[in-house]
Amino acid sequence: MTARSDGNPQVVLLARAYGRTVEGPLLVASDGFSPRYDLDRSTGIVTRRAHSLFGEKLAGHIVAFPTAKGGVAAGWAFFDLQSRGLAPLAFVFGIANSVMVHGAVMAGVPIADGILAADWDKLKSGMWAALRPAERQLAIAAR
Amino acid sequence: MELSVQEEQMLAGQCGEGPQWAMGYQVAVGEYFGAERLVPISNAHVVADMEVMGEAGLAFAQRLVDHGAHVVVPTTLNAGFTDPAHAAALHQDLALVERQAVLRRQLAALGVMNVDTCINYQSVYQPHVGEHLAWGDTGAVCFANSVLGGRSNFEAGPAALAAGITGRVPAFGYHLDQHRQASTRVDVQVRLDDYADWGALGAWVGRQSQSYWEVPFFDGLAPKLTRTADQLKHLAAALASYGSIALFGARDVTPEWAAMNPAAARRTLTVGARELEEVYASFGANQAGADVDLVVFSGPQQSLYELGRLASLLEGRRVHGHTRLLVTTNHAYYQWAQQLGYIRTIEQAGGLVLTGVCFYLMTIDRLQRENGWHTVVTNSTKLANIVGAYPYQPILRRTADCVAAAIAGRLTT
């Protein structure tokens, strides 16, 4: 962890992970995610009013969602978002689906999933996080 | 992953840059999910559309064309964002429509069949039991896995395209017996009369099953209920939409239902009239009399039988002056429906039948702004779910009530 974090980091184990190591502020949702169902893809802002991240911009964050929702749009959508600088630093899911992984790999955005429920509860928006896919670890610390 | 000699050659670039990209991408995804090998597929179904690809996706497709890439198994295209014949009248972005034409030429050059349908399982190809596929469109995957006994994961656009190019997919998830086991038993204790009821069942169960790895198993769908392909289509589309569910089982419906071991399911859910009403209540309860500016039959595209039913409900009637009625289907069903007089009947009533599109793909944020639409009345729970990401108020009603709302220009129930 870098100077952006404060205190001792906790390490959360991941069942699956892909991509390079990244770190940044954590944005944690309490509900699932799909770029088709929840996101204005022209701005990268969550626009579903009922979503816990309504109004939030994903770019610049490691974003965490408990589940993946619905459709196949993520495959191209993440690639398009990345090309316009609107993709998040990384995706972390409690449980992902195949489409989120297809999309993240296509876009070159790190992704991980498979977090125990007890560990999920440790993730809070505003924390500083480092995703280390090669080690299947997410380090988190208060800021 | 263990690769065959041919797969190694693809990965090394000995078969061209297209297969090299495709195999490298598939190996990365396969290793993520712990796949041990790839499995041959009989066909692929690709989502590729300017609404979601953007210029980056278009440039990527062009690179594949430039490298001479070509699919090696039959590969079909999903529904798209525009019916060019009606794009201007609906105030779609005509520059984007032109880019879509470019994309379609690219896809044709790659060998993709531009059939523009999300109901390929009804109109193009029906896999047999155990057949491995690489399909996009989640509703199509759920139907193929659950009703026909095919085997596919949700394949995103580039993933299905890669599969078409290599003729293979990584063997994980719903390609494997170990994941095709019931996790939740659903006891259905309510009569399902309308497509919207079947969708409401899928929506309610999907909301309780927020995981790609959940496999609900339905008891009570047979033999006391009819269960047509169109009804199961709405169930599959809703389960995939609300729960990201790729496979359900149903006693005496799913070919392999007995092998899904429903008795070992971890939990049981019971669905009665109250649960169905809960879904309807979440999409426009107590609004009888409210003005309606848009009624849509789409998501999935309408089958020939659904078009015939709509024609019979609209025969001799007229859609209200301030209400728009949109229907989407594919090119094949449109031609048959035209031959059978259904299109003329729907159009004489004031409805518009669009081909090759699904409403939620039609850049609906722009359509909302340009056409001043606010409410969407539909019998599709999938559509009601998706339009919630935009400034629409989704209202779910049964088919005849949707038609009645279109005629009256207001909600009648």
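Please read these numbers as outputs of a predicted model, since none were measured by experiment. Here is how names work: the chains are called A, B, and so on, in the same order as the sequence lines, proteins then strands, and each is numbered from 1.
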Participant: To the nearest 0.5 Å, what is the distance between CZ on B/Phe33 and CG on A/Asn97?
Facilitator: 7.5 Å

Participant: Is it the side chain or the backbone of B/Ala48 that comes within 4.5 Å of chain A heavy atoms, both, or neither?
Facilitator: both

Participant: Side chain, backbone, both or neither: which part of A/Arg41 has a heavy atom under 4.5 Å from chain B?
Facilitator: side chain

Participant: Between B/Ser241 and A/Tyr37, do the side chains contain an N or O donor and an N or O acceptor separated by less than 3.5 Å?
Facilitator: yes

Participant: Side chain, backbone, both or neither: which part of B/Phe172 has an atom under 4.5 Å from a heavy atom of chain A?
Facilitator: side chain

Participant: Counting only non-hydrogen atoms closer than 4.5 Å, does A/Ile111 touch chain B with its backbone (N, CA, C, O), its side chain (CB onward), both, or neither?
Facilitator: both

Participant: So, for B/Tyr25 and A/His102, which heavy atoms are closest and what is the spacing to 0.1 Å?
Facilitator: OH-O, 2.7 Å

Participant: Measure the shortest side-chain to side-chain distance between A/Thr47 and B/Tyr390 over non-hydrogen atoms and say whether it is less than 4.5 angstrom.
Facilitator: no

Participant: Look at atom CD of B/Glu370 and say whether more than 12 heavy atoms of other residues, nucleotides or ligands are closer to it than 6.0 Å.
Facilitator: yes

Participant: Please rank B/Asn385, B/Val387, B/Val29 by heavy-atom pairs under 4.5 Å with chain A and give me the top one.
Facilitator: B/Asn385

Participant: Return the option, out of B/Val141, B/Leu361, B/Val52, B/Ile245, with the maximum number of heavy-atom pairs under 4.5 Å with chain A.
Facilitator: B/Val52

Participant: Using 0.5 Å steps for rounding, measure from the CE atom of A/Met100 to the CZ atom of B/Phe154.
Facilitator: 10.0 Å

Participant: When heavy-atom pairs shorter than 4.5 Å are enumerated against chain B, which of A/Phe79, A/Phe93, A/Tyr18 gives the highest number?
Facilitator: A/Phe79

Participant: So which atom in A/Val99 and which in B/Ala156 form the shortest heavy-atom distance, rounded to 0.1 Å?
Facilitator: CG1-CB, 4.1 Å

Participant: Heavy-atom distances under 4.5 Å only: say whether B/Gln26 touches chain A with side chain, backbone, both or neither.
Facilitator: neither

Participant: Let's test your reading of the structure: which of B/Asn78, B/Val47, B/Asp365 forms the most heavy-atom pairs below 4.5 Å with chain A?
Facilitator: B/Val47

Participant: Tell me which of these, A/Val101, A/Thr67, A/Ile95, has more heavy-atom pairs under 4.5 Å with chain B than the rest.
Facilitator: A/Val101

Participant: Could you tell me whether the side chains of A/Asp113 and B/Tyr32 share a donor-acceptor contact shorter than 3.5 Å?
Facilitator: yes

Participant: Which of the residues A/Pro35, A/Gly94, A/Ala17, A/Ser83 is involved in the greatest number of heavy-atom pairs with chain B at under 4.5 angstrom?
Facilitator: A/Ala17

Participant: When heavy-atom pairs shorter than 4.5 Å are enumerated against chain A, which of B/Gly54, B/Ala240, B/Pro158 gives the highest number?
Facilitator: B/Pro158

Participant: Measure from the side-chain N and O atoms of A/Trp76 to the backbone N and O of B/Ala56, and report whether any donor-acceptor pair falls under 3.5 Å.
Facilitator: no

Participant: Give the minimum heavy-atom separation between B/Gly136 and A/Val72, together with the two atoms involved.
Facilitator: CA-CG1, 4.2 Å

Participant: Between B/Glu51 and A/Arg36, does at least one N-O distance fall below 4.0 Å, as a salt bridge requires?
Facilitator: yes

Participant: Can you tell me which of B/Thr138, B/Asp137, B/Ile386 forms the most heavy-atom pairs within a distance under 4.5 Å of chain A?
Facilitator: B/Ile386

Participant: Of the listed residues (B/Gly206, B/Gly173, B/Ala159), which shares the most heavy-atom pairs with chain A below a 4.5 Å separation?
Facilitator: B/Ala159

Participant: NZ/A/Lys69 to CD/B/Gln210 distance, rounded to the nearest 0.5 angstrom?
Facilitator: 7.5 Å

Participant: Under 3.5 Å, is there a donor-acceptor pair between the side chain of A/Ser98 and the main chain of B/Asn153?
Facilitator: no

